[in-house]
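Written below as structure tokens is the structure these notes are about.
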Amino acid sequence: MSEHELDGLRRKLDEINLQLLQLLNRRATLVQEIGEIKKKQGINKFDPEREQDMLNQLVKQNQGPFDDQTVRYLFKQIFKASLDLQIDEQKKTLLVSRKEQAENTVINLGGTHIGNGTPHVIAGPCSVESEEQVFAVARALKEQGLTLMRGGAFKPRTSPYDFQGLGEEGLKILRRAADEFGLQVISEIVNPADMEMAERYVDVIQIGARNMQNFELLKAAGSVRTPVLLKRGLSATIEEFLFAAEYIVSRGNSQVMLCERGIRTYEKWTRNTLDISAVPILKNESHLPVFVDITHSTGRRDILLPCAKAALAAGADGIMLEVHPNPAVALSDAKQQIDIPSFETFMKDLRASNLLGNGNL
Ligand code: PEP
Ligand code: MN
């Protein structure tokens, strides 16, 4: 074959490539139109029977040189790409998506701005146990120049025989300590009926990992105007996590912070597996602020500092950790909370890493 002939064939191939491209895009446009109609009619976009029919028709008409199996494979890829296009479209419409809102959501917690690029530290006991305990932690936070205190009053415990929290009385203690030391309070609510009551005491409503897909609770959190810290479910995918946030935002509460807190894997040397990759993915996919709970994700005091650094280096808007005046006698999570001197050392080391920025000096 001469050089000339080869060039001619290649030109023909280029032409066919272009035609294929145009045809594929025309096909995709049609699929989108069909998708719109299905959306209006509330019909599922993926129709396996229709896909089988199309593949059978194509195989029937196939005259080679591709064999039937290859034809099926090639067209399945085309069908899948078209379906993915519709799924991408759906993603675009999520209110929590970056595609919907390019700029970061910034949440103002009593003058502390979350999500504006300066990371913040949330610290406090696992559970509220007494006024004395909470005041001791609040004082330590204040001394460190921190403004965000956590503490659980409604505790979702694995065993029904374990300490369940002080309930509303616990929220009152948190409020008193916060008012005394000029702090903002974050506390978990587990019952949709308690949302309005909680608004009287807390500055941020936490929705815990076990309740990430408690849809009635999410809807209730969406109907109040207090900011929400939503934790990732024990085995939730990032997509499920974002859909959970969408439940809250779509009900009218746009002030949602996401919190990666580790997921369940086979690994036993940590309590959960900290999915650090979730941080940049969430930041790319969503405009909501992202925290990392370094205590519940690891369950280990000895690796808090490197995990905090990793979270901040990955772009987190802040970290959360548990601090207790005397962890050995704590009524929950006694093994993982750190005492006040360790917290002071932790803060000193974290500041020395220069990952915290000016907000926490
Ligand atoms: C908590 O932060 O108090 C807590 C119970 O954590 P999680 O919901 O992530 O397990
Ligand atoms: Mn805890």
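Both counts, for ligands and for their atoms, begin at 1 and track the order of listing. This structure is a prediction, so every number in the text was calculated from the model and none was measured.
- Taking distances strictly below 2.8 Å, the protein N/O/S atoms close to the Mn ion (ligand 2) are Cys126 SG, His296 NE2, Glu322 OE2, Asp333 OD2.
- Using a heavy-atom distance under 4.0 Å as the criterion, the protein contacts of ligand 1 are Arg150, Lys155, Glu188, Gln206, Gly208, Ala209, Arg210, Lys231, Arg261, His296.
- For Asn116, the side chain to side chain contact (heavy atoms under 4.5 Å, CB included) partners are Val106, His113, Thr118, not counting sequence neighbours.
- Salt bridge present: Asp203 and Arg175 bring a charged side-chain N and a carboxylate O closer than 4.0 Å.
- For the pairing with His324, the side-chain hydrogen bond (donor to acceptor under 3.5 Å, both in side chains) check across Gln337, Gln336, Glu129 returns one residue only, Glu129.
- Hydrophobic clustering places Met212 together with Ile281 (ILVMFWY residues linked when any side-chain heavy atoms are closer than 4.5 Å, directly or through intermediates).
- Using a 4.0 Å cut-off between charged side-chain N and carboxylate O, Arg176 and Glu169 make a salt bridge.
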Identify every side-chain donor-acceptor pair in residues 248-265 under 3.5 Å, counting partners at least two apart or on other chains, and give the distances.
from	atom 1	to	atom 2	distance (Å)
Ser250	OG	Glu246	O	2.7
Ser250	OG	Tyr247	O	3.3
Asn253	OD1	Gln255	N	3.2
Asn253	ND2	Ala221	O	3.1
Asn253	ND2	Val224	O	3.1
Asn253	ND2	Thr226	O	2.8
Glu260	OE1	Arg232	NH1	2.8
Glu260	OE2	Gly262	N	2.8
Glu260	OE2	Asp275	N	3.2
Thr265	OG1	Glu267	N	3.1
Thr265	OG1	Thr273	OG1	2.5

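- Under a 4.0 Å N-O distance rule, the pair Arg10/Asp14 does not qualify as a salt bridge.
- Between the CZ atom in Arg98 and the NZ atom in Lys283 there is a gap of 6.0 Å [rounded to 0.5 Å].
- At a cut-off of 3.5 Å, with distance as the only test, no side-chain donor of Thr270 or Thr298 sits close to an acceptor on the other residue.
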